[in-house]
Amino acid sequence: QVQLVESGGGSVQAGGSLRLSCVTSGLSFSSYRLAWFRQAPGKEREAVAGIVRGTAYGDSVRGRFTISRDNATKTVNLQMTNLKPEDTAMYYCAAGRDLSRRWSWESAYDYWGQGTQVAVSS
C-alpha cells in the first residue's frame, strides 16, 4: 500500500520560513518524480516544485523555495523561505512515474498525500 504523509506545516509571519517533509512508503521511490502542489481556498491546485534528478519550480516560488529528495529515507522536502501571505494554502506531496508528462500537470502523478496546512500572516 502506497502512502505519502506530509508534515511541517503551520503558521508563520511574512518573511519567515518553514520546512515541509513528505515521507513515502510502498513506492520504488527512486523511480518516481516527486512534487509539491498547493491549493488555496477558492483557487485551483497549483504546482509548486518538482524533482526527479533535476528540479523545477513554479514562477511564484522560484528563488524562495527549494525542493530536495532523499532516496535512502524515501522523503521529499520543501524548504520555504521569505514566505508571503499569498503562500497560504494546503500543501500536497505527489509521486508519479510518467516522466513524459510535464511536472506541473496533476495527471503526471499517481499518488497524493492528505496535505499539510501553511498559513502566512502579514
Side-chain angles (χ1 to χ4, degrees):
Q1 181 181 359
V2 175
Q3 287 190 312
L4 283 68
V5 180
E6 303 98 333
S7 63
S11 298
V12 64
Q13 289 192 324
S17 299
L18 283 174
R19 182 178 176 86
L20 306 184
S21 292
C22 173
V23 178
T24 73
S25 59
L27 288 177
S28 180
F29 185 83
S30 60
S31 301
Y32 280 76
R33 173 194 282 141
L34 283 302
W36 288 93
F37 285 73
R38 68 186 181 186
Q39 188 167 22
K43 295 189 176 182
E44 293 186 355
R45 192 173 294 190
E46 173 190 15
V48 174
I51 185 168
V52 182
R53 295 173 187 79
T55 57
Y57 295 93
D59 290 342
S60 62
V61 306
R62 188 176 295 112
R64 299 187 297 122
F65 290 11
T66 303
I67 188 171
S68 61
R69 65 188 293 163
D70 186 334
N71 289 343
T73 60
K74 300 186 177 182
T75 301
V76 58
N77 300 303
L78 186 69
Q79 179 68 47
M80 306 186 294
T81 63
N82 191 20
L83 283 160
K84 304 176 180 180
E86 52 264 42
D87 294 318
T88 295
M90 185 71 79
Y91 283 71
Y92 299 91
C93 172
R97 295 196 67 173
D98 188 352
L99 302 186
S100 68
R101 300 189 180 193
R102 289 180 182 265
W103 76 272
S104 56
W105 293 356
E106 291 186 47
S107 62
Y109 300 92
D110 307 304
Y111 303 105
W112 294 81
Q114 293 299 305
T116 186
Q117 181 69 45
V118 171
V120 184
S121 59
S122 57

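Along the sequence shown, residues are numbered consecutively beginning with 1.
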Looking only at heavy atoms, what is the nearest atom pair of [X] and [Y], with distance?
| X | Y | value |
| --- | --- | --- |
| Asn77 | Ser21 | OD1-OG, 2.7 Å |
| Trp103 | Gly58 | CH2-N, 3.7 Å |
| Ala95 | Leu27 | CB-CD1, 3.8 Å |

Give a yes or no answer on whether the side chain of Thr81 reaches the backbone of Arg64 with a donor-acceptor pair at less than 3.5 Å. yes
Who pairs with [X] by side-chain contact (heavy atoms from CB on, under 4.5 Å), at least two apart in sequence or on another chain?
| X | answer |
| --- | --- |
| Ser60 | Arg38, Glu46 |
| Val5 | none |
| Val12 | Leu18, Leu83, Val120 |

Do Ser17 and Gln79 have side chains that approach each other closer than 4.5 Å (heavy atoms only, starting at C-beta)? yes
Evaluate the side-chain proximity of Thr73 to Val23: yes if any heavy-atom separation is below 4.5 Å, no if none is. no
Tracing side-chain links under 4.5 Å among I, L, V, M, F, W and Y, which residues wind up in one group with Trp105? none
For Leu99, what are the other residues in its hydrophobic cluster, where any two members join if their side-chain heavy atoms are less than 4.5 angstrom apart? Val52
Suppose the criterion is ring pair (Phe, Tyr, Trp, His ring centres under 6.0 Å): which pairs have a residue in residues 19-72, not counting sequence neighbours? Phe37-Tyr109, Phe37-Trp112
Quick one: side-chain hydrogen bond (donor to acceptor under 3.5 Å, both in side chains) partners of [X], sequence neighbours excluded?
| X | answer |
| --- | --- |
| Asn82 | none |
| Arg33 | none |
| Ser122 | none |

Same apolar cluster: Ile67 and Met90, side chain cutoff 4.5 Å: no
Let me check something: do Leu4 and Val76 share a hydrophobic cluster, defined by ILVMFWY side-chain heavy atoms less than 4.5 Å apart, either directly or through other members? yes
Just to verify, what does Asp110 make a salt bridge (charged side-chain N to carboxylate O under 4.0 Å, His left out) with, not counting sequence neighbours? none
Please identify each residue that fulfils salt bridge (charged side-chain N to carboxylate O under 4.0 Å, His left out) with Arg102, with sequence neighbours left out. none
Drop me the distance from [X]'s [atom1] to [Y]'s [atom2], to the nearest 0.5 angstrom.
| X | Y | atom1 | atom2 | answer |
| --- | --- | --- | --- | --- |
| Gln117 | Leu20 | CD | CG | 10.5 Å |
| Leu34 | Leu78 | CG | CG | 11.5 Å |
| Ile51 | Arg69 | CD1 | CZ | 6.0 Å |
| Arg97 | Ser31 | CZ | OG | 5.0 Å |
| Gln114 | Glu6 | CD | CD | 7.5 Å |

Could you name each residue pair satisfying disulfide (SG to SG under 2.5 Å) that touches residues 82-115, not counting sequence neighbours? Cys22-Cys93
N-O pairing of Arg62 and Asp59 below 4.0 Å: yes
Give the C-alpha distance, both sets of side-chain angles, the deciding distance and a yes or no for side-chain contact (heavy atoms from CB on, under 4.5 Å) between Met80 and Asp87. CA-CA 10 Å; Met80 306 186 294; Asp87 294 318; over 6 Å; no
